[in-house]
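Accompanying notes for the structure given below.
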Amino acid sequence: MSGEMLDHYLQYGWYRIQQKMITTDVIIGEDASLMPVFWIRFDLQKYTEGKRSARILAMNKDFSVEIKSFDINTEHETLFEEYKTGIDFQLVDSVKQYLLGEDERNVYDSRIVEVRDNNRLIAVGVFDEGKNTIAGILNFYHPAYKKFSPGKLLMLLKMNYAKSRNHLYYYPGYICTRNPKFDYKLFPDKNSTEVFLRNRQQWLPYLSVNMNEMENLLVHNSILEKLIINKSGQDI
C-alpha cells in the first residue's frame with residue numbers, strides 16, 4: 001500500500017480493517033438496528049489546539065512518548081489484555097489479530113505510539129502513514145490510567161506527529177448520528193473537522209452541515225433505505 005494509494009482510499013471514505021481496505025455507510029447497533037455512519041477527517045492546516053487538548057497534554061507531561069516503526073511485541077499484547085478488562089464491548093483476542101488478521105506481513109506504512117510512566121507501558125496507538133495523511137487505526141491503554149484520558153492523548157499525539165510532517169489530513173474513523181459513543185473523535189477541534197457525504201463525493205465542514213439532514217440524504221438516496229426498512233441483513 002503506497003502512501004499515494006492510501007491517501008486516495010481515505011479521500012473517498014475507505015478505511016483499513018486488518019490488511020484490507022473497506023468502506024461502509026452503516027453499522028449494526030447493540031439492538032440490531034442499522035445506523036448510518038459518516039467518515040470524518042481533520043484539516044491539519046486549520047487545526048488549532050484548544051483548551052481541552054492543552055489540558056490533556058499538560059496532564060500527561062510527565063509521561064514519556066516514543067513513536068516508532070511498526071512492530072508488535074509481547075509488551076503490547078499484555079497491555080491489550082489489560083485494556084480489555086476495562087471496556088464494555090467486545091474486541092478480538094490480540095493486537096496481531098486486530099491489525100493483521102490471518103496475515104503475517106503488514107502492507108501499510110504503520111507507526112506505533114508508546115506512552116510510558118517511567119518504564120511501564122501505559123498506552124499504545126497505531127496509525128498508518130500516507131504521503132499527505134495519517135489514519136488512526138487503534139488505541140489501547142491500561143485501565144488504571146483512564147483518568148488521564150489516554151485515548152484522547154493518543155489522538156493528539158498522532159495529530160501533532162502529522163503536523164510535524166506537514167501532512168494535510170488526519171482520519172480518525174467515523175461518527176454515528178444515532179449513537180453519541182463515537183463523538184469523542186470530534187473533541188480536538190470541530191472547526192477543522194470535515195465530514196464525508198458519499199452521495200456528493202464531497203467533504204464538508206462539520207460545523208456547516210445539519211447532521212440530521214445529512215442522515216436523511218444518505219438514507220433516502222441510497223441502498224441504505226432498503227436495508228434500514230427491511231432490517232434483513234441480506235444482500236440486496
Side-chain angles (χ1 to χ4, degrees), residues 1-27 37-47 65-73 75-77 80 91-115 123-140 151 153-175 182 185-186 188-189 192-206 218 222:
M1 176 67 72
S2 69
E4 293 87 348
M5 188 180 298
L6 180 63
D7 290 355
H8 176 79
Y9 275 112
L10 292 172
Q11 180 182 355
Y12 290 99
W14 289 68
Y15 196 72
R16 169 187 172 177
I17 296 294
Q18 295 178 342
Q19 292 297 285
K20 301 177 177 64
M21 294 296 290
I22 67 98
T23 191
T24 186
D25 294 314
V26 65
I27 60 174
V37 295
F38 296 89
W39 300 94
I40 64 169
R41 69 183 184 184
F42 290 92
D43 183 337
L44 297 174
Q45 294 179 308
K46 297 179 180 178
Y47 169 69
V65 176
E66 183 178 6
I67 299 178
K68 55 177 64 175
S69 296
F70 179 80
D71 182 32
I72 304 170
N73 58 39
E75 194 177 22
H76 300 142
E77 296 290 7
F80 190 67
L91 273 178
V92 295
D93 291 338
S94 67
V95 178
K96 182 178 182 294
Q97 184 180 355
Y98 188 98
L99 297 172
L100 302 182
E102 300 301 319
D103 296 307
E104 293 297 325
R105 185 171 68 94
N106 181 36
V107 301
Y108 300 89
D109 184 11
S110 303
R111 303 283 184 272
I112 289 184
V113 186
E114 293 183 348
V115 182
V124 170
V126 179
F127 64 90
D128 296 331
E129 187 165 9
K131 182 178 180 181
N132 295 305
T133 65
I134 70 167
I137 304 301
L138 176 64
N139 293 330
F140 55 97
L153 171 67
L154 289 166
M155 286 186 66
L156 295 173
L157 294 174
K158 292 174 184 180
M159 293 179 76
N160 288 342
Y161 170 88
K163 284 179 67 68
S164 74
R165 301 275 290 182
N166 295 316
H167 289 325
L168 301 178
Y169 298 105
Y170 165 53
Y171 293 81
Y174 56 64
I175 57 174
F182 301 97
K185 297 175 185 177
L186 298 166
D189 179 27
S192 63
T193 305
E194 297 180 342
V195 59
F196 186 60
L197 184 57
R198 193 178 305 279
N199 292 329
R200 299 179 184 174
Q201 293 289 288
Q202 183 181 9
W203 289 91
L204 302 173
Y206 174 77
L218 176 65
S222 72

- [ ] Please confirm whether the backbone N or O of Asn106 pairs with a side-chain atom of Ser110, one donor and one acceptor, at under 3.5 Å?
- [x] no
Open item on the list: For Leu154, run the side-chain contact (heavy atoms from CB on, under 4.5 Å) check against Leu138, Val65, Val113 and tell me which one passes.
Closed with: Val113
Task: Exercise: identify the closest heavy-atom pair between Asn139 and Gly125 - done: OD1-CA, 3.4 Å
Open item on the list: Between Gln45 and Leu168 (side chain of the first, backbone of the second, donor and acceptor by atom type, cut-off under 3.5 Å), is there such a pair?
Closed with: no
- [ ] Hey, could you give me each pair passing salt bridge (charged side-chain N to carboxylate O under 4.0 Å, His left out) that has a residue in residues 11-23? Not counting sequence neighbours.
- [x] Arg16-Asp128
Open item on the list: Are His8 and Tyr12 an aromatic pair, judged by ring center distance below 6.0 Å?
Closed with: yes
- [ ] Return the orientation label for the Trp39 and Tyr174 ring planes: parallel under 30°, perpendicular over 60°, tilted otherwise.
- [x] perpendicular
Open item on the list: Looking at every heavy atom in both Arg41 and Pro172, which two are closest together, and how far apart are they?
Closed with: CA-CD, 4.0 Å
Task: Which atom of Gln19 lies closest to which atom of Leu99, heavy atoms considered - done: NE2-O, 3.0 Å
Task: Whether Phe196 and Trp203 hold their rings parallel, tilted or perpendicular, with breakpoints at 30° and 60° - done: tilted
Task: ring-ring contact (aromatic ring centres under 6.0 Å, His included), paired with Phe127, selected from Tyr171, Tyr161, Tyr170, Phe70 - done: Tyr161
- [ ] Please answer whether the main-chain N or O of Val95 pairs with a side-chain N or O of Glu77 as donor and acceptor at a distance below 3.5 Å.
- [x] yes
- [ ] Check whether any side-chain heavy atom of Leu100 sits under 4.5 Å from a side-chain heavy atom of Gln18, and report yes or no.
- [x] no
- [ ] Mind running side chain to side chain contact (heavy atoms under 4.5 Å, CB included) on Glu75 and Val124 for me, showing each step along the way?
- [x] CA-CA 10 Å; Glu75 194 177 22; Val124 170; over 6 Å; no
Open item on the list: I'd like to know whether OH of Tyr15 has more than 12 heavy-atom contacts from other residues, nucleotides or ligands below 6.0 angstrom.
Closed with: yes
Task: Worked verdict on Gln11 versus Tyr169 for side chain to side chain contact (heavy atoms under 4.5 Å, CB included) - done: CA-CA 9 Å; Gln11 180 182 355; Tyr169 298 105; over 6 Å; no
TODO: With sequence neighbours excluded, give me every salt bridge (charged side-chain N to carboxylate O under 4.0 Å, His left out) pair touching residues 99-109.
DONE: Lys96-Glu104, Asp109-Arg111
Task: Taking every non-hydrogen atom, the tightest pair across Tyr47 and Lys163 - done: CD2-CD, 3.6 Å
Task: Passing candidate, side-chain contact (heavy atoms from CB on, under 4.5 Å) with Phe42, options Lys158, Met159, Glu194 - done: Met159
- [ ] Consider only side-chain N and O atoms of Arg198 and Thr23, and report whether a donor and an acceptor are under 3.5 Å apart.
- [x] yes
